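Scroll down for the structure; my scribbles are underneath it.
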Amino acid sequence: MKKLLSFIAVIAIATTLFTGCGEKKNTASNSSAKSDSSKVETISWWGNYGGQKAFIENIVKEFNDTIGKEEKILLEFKNFGGDYNDVINAAAISGQGPELHKINNMMAKHASNGWILPLDDVPGGKDIIAKYNKDELKSTSFSLNGKTFGVPMQYMTYRVLYNKDVFKNAGIVDENGEAKEPKTWQDIYEYSKIITDKGNGKVFGFGAPLKWDSYAQNGLATQATSATGVWRGFDFNAGKYNFAAYKPVLEIMTKMYDEGLFFPGAEGLNNDSVRAHFAEGNIGIVTGASWDVGVYNTQFVPKGDWGVCQPIYLEGQTKYKEGIKSEAIVVLGKPAEKKIDKAMKVYEFIAGEDFFVPAYENSSWIPSSDLIAKATKEPDRKGFEDFATMDKGINMLEEPTGVITVKGDNYNSVFVKLILGLEKDIDKSLSDLDNRYNAAFNESDLNIDDYMSKDFKIELE
Amino acid sequence: MNRKFTLGTVLKFIFLGALAVIFLFPIVYILLASFKSNTEILTAGNKILPEKFVFDNYKEAWELANFKQYLFNSVYMSFFIVIGSIMVATVSGYVFERGNFPGKKIIFTTIIASMFISVGSISLYPQVQIAKFLGINASLWGVILIRIFGMNVLQFFISKNFVKTIPKEVDEAAKIDGCSFFRIYWNIILPLLKPLIATVGLLSFRLAWNDYLLPLVFTMGSPKNTPLIVGVINLKNSGEAASSWNLMLAGTTMSIVPMLVVYIVLNKYFVSGLTSGAVKG
Amino acid sequence: MSFKKEKLGKRYNKSEVTQSYLMISPMIIGFSLFTLYPLILIVKWSFTNYTGFGTPEFVGLENYIRTFTQDPNFWEAILVTFQITIAKLGIGIPLALVIAVLISTKSKINTVLRTVYFVPSIISISVIGLIFYILFEPYRGIVNQMMINSGMIERSLPWFSNPTMAKGLVSMASIWNTFGIDMVLILTGLLSIDKSIYECAQIDGANRAQQFFKITIPMLAPVLQVVVLMAMLNAMKITDLVLVLTNGQPGGKTEVVMTYIYKYFFTGELSAVQQYGYASSMSVVTAIILGIITVFYLKSSAKKTEIY
């Protein structure tokens with residue numbers, strides 16, 4: 001009995017202190033006064049912007065020298081790395097967060113915890129919302145329960161890249177002697193085979209960083225949208241998951257792995273190593289995304305020439321549009337409440353053309369096509385314009401994967417197991433995926449109408 | 001011990017030497033790789049020597065990681081954690097080994113049981129909440145207090161076992177002389193714990209020096225308080241979307257130097273314990 | 001109550017009890033707040049469907065049923081964890097023991113060797129992950145190249161594609177990383193052995209091997225018990241090294257229990273839903289397994305430590 005009592009005492013200390021903690025929180029935040037416009041106030045902006053860090057640092061400096069001086073705002077930017085999600089969550093919990101932050105895929109978490117402010121409720125927010133396409137805002141990347149937390153500021157595209165020098169050395173050239181761009185997944189297989197055969201154990205056809213947790217999403221499924229009509233496993237016409245659509249693409253990948261066309265040790269490769277070997281001319285074909293442009297221009301600069309493929313299709317099959325994902329690069333954090341006028345000045349600046357036109361010219365972000373049209377200079381980095389050509393694409397809604405609870409292996413694990421031949425029965429594996437993901441989707445309290453659109457035309461005319 | 005070179009001694013040093021080569025090889029590799037370019041690190045693994053020595057890695061790492069300032073922060077934080085950990089480990093080791101009080105067993109069992117659940121960074125959020133409640137969430141002192149009083153079970157456990165090796169007669173003699181329970185710890189036991197203090201000091205220093213996530217979160221609002229390892233790991237993210245391993249390796253090489261110095265100093269302390277600190281039974 | 005008081009009066013010395021409580025109260029409070037409280041949350045979550053946000057709903061034993069009946073991957077991860085632990089303990093501990101004994105005497109060369117063996121344990125895990133990948137990768141990895149050049153093998157060994165080799169690689173990197181700590185702990189234990197015992201034994205004519213098995217090992221038993229326990233628990237809780245070195249590849253064959261749980265706590269870029277509830281229940285199940293092993297280990301090793 002005594003043992004039990006002392007145990008309870010220990011727990012009691014812990015729990016009373018914790019509940020006390022919750023009560024205290026409210027009094028602290030309410031007592032703050034409205035912002036005083038006469039003195040300089042600091043607005044903090046946090047995020048994990050890999051490739052755009054340098055651009056942001058420059059434009060923040062510019063902002064502070066111009067608008068910031070007039071409006072008495074000091075904008076402070078801080079960039080984080082791989083642990084950013086932990087940091088921003090911890091900051092939000094302790095009320096120490098910045099006025100503006102990058103949200104990544106945590107919109108639902110931050111919105112439901114009240115860590116971010118809906119644009120609908122802040123001064124000037126409605127005017128900003130009105131500038132954007134309503135259907136696009138409907139995506140759960142921006143809205144939740146009828147409130148808008150972000151707007152589509154930048155667009156990401158996903159393509160296949162090829163090393164032209166490797167192609168030429170392997171004799172994969174057209175009649176002009178130029179490297180032949182792969183157009184279908186079958187081409188990718190064939191060219192990879194030629195490159196590997198002629199590579200003599202030094203050069204390989206295809207590079208896949210299978211160690212990367214989201215390779216299946218960011219390196220395979222997304223690039224395969226134009227061949228399958230399915231966005232990261234989700235079919236927005238039917239409003240359900242359809243992983244079975246990836247079968248032909250996965251079969252080609254499995255065959256390539258089996259025949260040794262992958263760069264060796266794919267299981268242990270991370271994305272950095274693949275990109276470095278691609279730049280060194282040890283790999284012929286890799287998948288990539290618009291954010292890789294910076295990497296190939298400043299970090300792993302290919303010795304020879306390289307190119308960005310047009311969307312890749314399946315031979316003799318229906319062609320679909322390529323998938324484009326839009327994103328808000330910042331949202332308003334709860335601490336912005338106290339300085340909302342100044343925070344909104346900064347927000348409007350970031351969402352506007354004074355920010356995004358130079359961002360495009362500096363090859364940092366792809367803004368909407370209206371803003372691209374306002375650019376006076378061509379993007380300065382090789383490959384950026386190719387990624388920014390979005391005429392064969394369609395802006396995707398957000399698939400529900402981020403907010404449902406799936407039991408068992410996620411699709412990344414299943415795809416990798418199929419490629420490695422650890423799972424043999426592709427039909428069974430994919431239909432099992434469909435069952436589990438659709439079950440999780442049906443069990444969730446999500447509204448199917450948010451994820452379905454009859455007008456969503458994904459076939460390419 | 002006689003220092004004649006017998007066959008045994010020769011074999012012994014061949015074995016130790018071979019092992020030392022195996023153990024040092026990756027270290028030497030890291031050292032030389034820290035002079036390579038980022039691409040070379042990832043693609044030319046078969047070459048130990050860099051194609052061209054890139055000294056800029058060090059210059060850049062030194063500047064970007066704000067070395068002088070961050071080094072001071074790390075030393076400051078580690079110093080207090082080491083002192084505190086030594087106090088906590090020796091006191092709790094002594095009390096749980098020698099003391100006799102109600103609830104001892106259940107508290108002991110609870111502490112031991114806490115080793116079984118590994119929560120890693122899951123405990124970060126509750127810790128931040130509590131630190132906020134205590135008002136220590138925005139400085140290195142939050143980290144220091146959590147690391148000291150959150151209790152390191154390994155250090156506690158070896159401390160308890162070390163106290164166990166001190167003969168009970170030592171305390172009993174002191175008790176008869178009228179020493180209180182605390183006095184026995186302070187005057188009699190603690191001076192006998194020198195090798196243990198060196199060990200706990202080393203272990204806690206290693207943890208404090210390499211501590212990453214907690215100090216990162218606790219100093220996110222005040223970058224000038226950031227400890228060195230946070231700066232070094234952030235070097236990885238100093239380029240574009242790919243990691244800057246070259247800077248990270250240069251930073252790592254520089255950041256292990258202070259750690260080595262501490263180890264070598266403490267090592268002397270071990271050796272002195274060998275001749276003077278041994279307990280007479 | 002009266003019974004208790006009487007017992008208190010009899011068994012405990014009042015001032016000793018007060019002093020004990022005073023001395024440990026700061027740690028007990030700190031421990032409760034910073035270590036115990038997060039653990040209690042985990043136990044609480046394990047009975048809910050908590051996702052890291054919103055209100056957790058109580059779901060009873062559902063998560064536990066899922067752990068036991070619907071998740072073969074979890075049990076496979078437990079098995080892999082055991083394999084890595086056995087490899088690590090079987091090689092790492094004897095090695096640390098032998099080395100510690102060999103370099104325990106005071107000499108310049110031993111001081112150098114002690115430093116050499118300790119250096120690997122101060123390298124950060126993410127650097128270890130990178131370096132072991134570079135050393136062992138099949139394309140140009142220096143280990144494979146050296147083995148090919150010396151004629152031991154013809155083609156590069158698939159260190160990352162073959163599940164057994166990948167597990168071996170993880171064990172190897174882990175031994176390399178933690179060996180120094182085990183060695184230091186054993187050295188501490190060696191220092192507490194009274195030197196006069198060896199002198200007596202030498203006079204009695206005991207040789208080195210006899211001294212090692214008849215004196216060193218038994219005298220070291222309490223320390224060894226802790227070192228082995230800690231090494232065992234740390235090996236079973238191995239997380240970061242696996243994440244950076246293999247990340248569970250090939251196809252989940254090197255997924256250990258903590259990385260498996262970790263992936264439900266932090267689902268990365270694929271999903272923002274953190275299955276806190278389910279991950280918590282797996283944590284609790286793992287904790288119980290570790291607890292049973294520890295109790296079993298302590299019981300069976302208790303006899304040996306009594307020798308002192």
Side-chain angles (χ1 to χ4, degrees), chain B residues 1 12 16 20 23-24 26-27 29-30 45-46 88 91-92 95 99-102 111 113-120 122-123 126-127 130 146 149-151 154 157-158 161-162 164-165 180-182 195-196 199 202 206 210 245 252 256 259 263-264 267 270-271 273-274 277-281, chain C residues 8 12 15-17 19-21 23-24 26-28 30-31 33-39 41-42 102 105-106 111 113-120 122-124 127 130-131 134-135 137 140-142 145 184-185 187-188 191-192 194-195 222-223 226 230 233 237 239 258 265 283 287 290-291:
Chain B
M1 208 161 286
K12 175 179 136 182
L16 289 175
F23 269 76
L24 272 189
I27 305 285
Y29 193 95
I30 292 171
N46 53 339
V88 165
V91 166
S92 49
V95 171
N100 200 4
F101 53 92
I111 293 175
S114 74
M115 286 189 299
F116 302 143
I117 296 196
S118 176
V119 281
I122 296 304
S123 54
Q127 281 173 346
I130 291 173
I146 289 179
F149 293 110
M151 254 177 120
L154 166 65
F157 217 99
I158 48 171
N161 265 32
F162 199 93
K164 206 192 221 169
T165 63
S180 69
F181 185 67
F182 177 74
L196 173 79
T199 311
L202 179 68
R206 174 177 173 260
N210 287 326
W245 290 107
T252 303
I256 62 177
M259 179 81 220
Y263 178 74
I264 290 166
N267 206 342
F270 280 134
V271 184
L274 190 71
V279 180
K280 294 279 174 228
Chain C
L8 193 81
Y12 302 106
S15 88
E16 193 182 313
V17 170
Q19 288 182 40
S20 296
Y21 281 142
M23 284 166 83
I24 57 167
M27 304 67 145
I28 297 303
F31 173 77
L33 290 178
F34 299 122
T35 308
L36 196 58
Y37 169 62
L39 297 186
L41 280 186
I42 299 249
L102 287 181
T105 51
K106 192 176 179 177
T111 313
L113 284 172
R114 248 175 256 165
T115 314
V116 165
Y117 296 136
F118 186 74
V119 181
I122 53 181
I123 306 288
S124 77
V127 170
L130 172 77
I131 290 302
I134 292 174
L135 293 178
E137 52 109 350
R140 275 180 188 160
I142 201 155
Q145 295 295 324
V184 165
L185 291 176
L187 270 174
T188 318
L191 299 182
S192 67
D194 190 346
K195 293 295 155 296
V223 174
V226 181
M230 291 303 157
L233 288 175
K237 294 197 293 191
T239 322
M258 285 307 163
F265 271 123
S283 297
L290 293 190

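It should be emphasised that the depicted structure is a prediction, and the values quoted were computed from it without experimental measurement. Convention: sequence-line order gives letters A, B, ...; per-chain numbering from 1.
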Practice problem: Hey, could you give me the CD/CG distance between C:Glu137 and B:Asn46, rounded to the nearest 0.5 Å? | Solution: 8.0 Å
Quiz prompt | From CG (C:Leu33) to CD (B:Gln127), nearest 0.5 Å | solution = 10.0 Å
Quiz prompt | Toward chain C, the part of B:Ser92 with a non-hydrogen atom under 4.5 Å | solution = both
Quiz item: Heavy-atom distance under 4.5 Å to chain C: side chain of B:Val88, backbone, both or neither?
Solution: both
Exercise. Could you tell me the separation between the CH2 atom of B:Trp245 and the CG atom of C:Leu130, rounded to the nearest 0.5 Å?
Key: 5.0 Å
Practice problem: Taking side-chain contact (heavy atoms from CB on, under 4.5 Å) as the test, write out the residues that go with C:Pro120, two or more places apart. | Solution: B:Phe23, C:Trp176
Quiz prompt | B:Asn210, part contacting chain C, at a heavy-atom distance under 4.5 Å | solution = side chain
Quiz item: For C:Leu102, what residues pass the side-chain contact (heavy atoms from CB on, under 4.5 Å) criterion, not counting sequence neighbours?
Solution: B:Lys12, B:Phe15, B:Leu16, C:Val98
Practice problem: Please flag which part of B:Ala113 lies under 4.5 Å from any non-hydrogen atom of chain C: side chain, backbone, both or neither. | Solution: neither
Self-check item: side chain to side chain contact (heavy atoms under 4.5 Å, CB included) between C:Ile122 and B:Tyr263, worked out
Solution: CA-CA 10 Å; C:Ile122 53 181; B:Tyr263 178 74; over 6 Å; no
Self-check item: Spacing of CE belonging to B:Met115 relative to OG1 belonging to C:Thr35, to within rounding of 0.5 Å
Solution: 12.0 Å
Self-check item: For the student: nearest non-hydrogen atoms of B:Ser180 and C:Gln19, plus distance
Solution: CB-NE2, 3.5 Å
Quiz prompt | Nearest-0.5 Å distance that lies between atom CZ in B:Phe149 and atom CZ in C:Phe34 | solution = 9.5 Å
Quiz item: Which heavy atom of B:Gly99 sits nearest a heavy atom of C:Ser20, and at what distance?
Solution: CA-OG, 4.2 Å
Quiz item: What is the distance from atom CD1 of C:Ile131 to atom CD1 of B:Ile30, rounded to the nearest 0.5 Å?
Solution: 4.5 Å
Practice problem: Return the option, out of B:Ile27, B:Ile256, B:Ile158, with the maximum number of heavy-atom pairs under 4.5 Å with chain C. | Solution: B:Ile27
Quiz item: Under a 4.5 Å heavy-atom cut-off, does chain B meet the side chain of C:Met230, its backbone, both or neither?
Solution: side chain
Quiz item: How are the rings of C:Tyr21 and B:Phe101 set to each other: parallel, tilted or perpendicular (split at 30° and 60°)?
Solution: perpendicular
Practice problem: Identify which part of C:Ser15 has an atom lying under 4.5 Å from any heavy atom of chain B, answering side chain, backbone, both or neither. | Solution: neither
Exercise. Would you check, one step at a time, whether the test side chain to side chain contact (heavy atoms under 4.5 Å, CB included) holds for C:Leu233 with B:Phe116?
Key: CA-CA 7 Å; C:Leu233 288 175; B:Phe116 302 143; 3.9 Å; yes
